[in-house]
Amino acid sequence: MTMNWNDDQPIYRQLREKIAALILSGAIKEGEPLPSVRQVSSDYQINHITVSKAYQELVDMGLVEARRGMGMYVLDGAQQKLHSTEKEKFISTEIPALLLRMRQLGVSKKELIAALQAVQGE
């Protein structure tokens, strides 16, 4: 994992989002262990409490579980759960924000479609 922290949000949220993205992409597979809190803390020079907080949020989201004495493991179904959650967030939050920005800038649906096709190489 490569980490570039920004000041827009707390580091534990950025770490949580990065790990969630790795699970969603399949880079970290269901049933696999996450790196230890100590390892992540050492690798990225961040406080172990910060890492623990990110991991706890992943537990709270139902994506990983703590196995006593063994560490944190990605749960079966985590990728699908993340996919559903992220899709809903995209539809309910990001699309309305995009439409608002389009109205503010006077971008038409036709211009948006052309831009999307250009980005996709069509």
Side-chain angles (χ1 to χ4, degrees):
M1 287 189 298
T2 304
M3 298 292 189
N4 295 315
W5 309 118
N6 64 54
D7 294 334
D8 294 346
Q9 61 179 326
I11 291 174
Y12 78 90
R13 276 201 196 133
Q14 294 176 62
L15 178 60
R16 180 199 68 204
E17 290 300 317
K18 178 65 173 176
I19 294 168
L22 291 170
I23 293 169
L24 185 60
S25 72
I28 299 177
K29 297 185 180 356
E30 295 173 358
E32 286 186 357
L34 296 181
S36 72
V37 169
R38 184 176 294 159
Q39 184 67 47
V40 174
S41 177
S42 173
D43 287 352
Y44 301 106
Q45 299 297 299
I46 56 177
N47 190 298
H48 69 281
I49 295 171
T50 301
V51 179
S52 293
K53 190 169 183 175
Y55 279 16
Q56 184 58 50
E57 287 203 355
L58 293 166
V59 169
D60 294 344
M61 294 169 70
L63 303 175
V64 302
E65 70 177 351
R67 295 184 185 165
R68 190 173 193 103
M70 296 177 64
M72 304 294 266
Y73 285 77
V74 179
L75 290 170
D76 289 340
Q79 187 177 34
Q80 181 58 43
K81 186 173 194 171
L82 266 171
H83 182 270
S84 296
T85 301
E86 290 298 311
K87 183 177 180 178
E88 177 57 35
K89 186 167 71 172
F90 177 74
I91 290 170
S92 66
T93 305
E94 294 179 39
I95 290 178
L98 173 65
L99 293 173
L100 175 62
R101 189 73 173 142
M102 284 175 60
R103 279 193 297 275
Q104 290 171 338
L105 298 174
V107 175
S108 70
K109 289 179 188 176
K110 190 179 236 180
E111 289 172 310
L112 175 64
I113 291 168
L116 289 171
Q117 290 171 337
V119 169
Q120 291 178 336
E122 294 179 8

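In this text the structure is predicted, and so the values were computed from the model without any measurement. For the numbers below, each heavy atom of this structure counts, side chains included, while hydrogens, waters and symmetry mates do not.
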How far apart are the closest heavy atoms of V40 and P35, and which atoms are they?
CG2-CB, 3.6 Å

Check: E111 side chain, S108 main-chain N or O, donor-acceptor pair, under 3.5 Å:
yes

Do R13 and K53 pass the side chain to side chain contact (heavy atoms under 4.5 Å, CB included) test, and can you show the C-alpha distance, the side-chain angles, and the key distance before you say yes or no?
CA-CA 9 Å; R13 276 201 196 133; K53 190 169 183 175; over 6 Å; no

Please find the pair of heavy atoms, one from H48 and one from V37, that lie closest to each other, and give the distance.
O-CG1, 3.5 Å

Can you name the closest pair of heavy atoms from Y55 and L34 and give their distance?
OH-CB, 3.7 Å

Could you check whether any side-chain N or O of S42 sits under 3.5 Å from a backbone N or O of R38, counting only pairs where one atom can act as donor and the other as acceptor?
no

Which heavy atom of L24 sits nearest a heavy atom of E86, and at what distance?
CD2-CG, 4.3 Å

Heavy-atom donor-acceptor pair, T50 side chain to Y12 backbone, under 3.5 Å:
no

I'd like to know if R67 and E65 make a salt bridge, using a cut-off of under 4.0 Å between side-chain N and carboxylate O.
yes

Does Q9 form a side chain to side chain contact (heavy atoms under 4.5 Å, CB included) with Q14? I'd like the steps, not just the answer.
CA-CA 7 Å; Q9 61 179 326; Q14 294 176 62; 3.5 Å; yes

Heavy atoms only: give me the nearest V51-I46 pair and the separation to one decimal.
CG2-CD1, 3.6 Å

Do the side chain of S92 and the main chain of E88 share a donor and acceptor less than 3.5 angstrom apart?
yes

Residues E32, K29: salt bridge by 4.0 Å N-O rule
no

Distance-only, no hydrogens or angles: does the E30 side chain make a donor-acceptor pair with backbone N or O of A78 under 3.5 Å?
yes

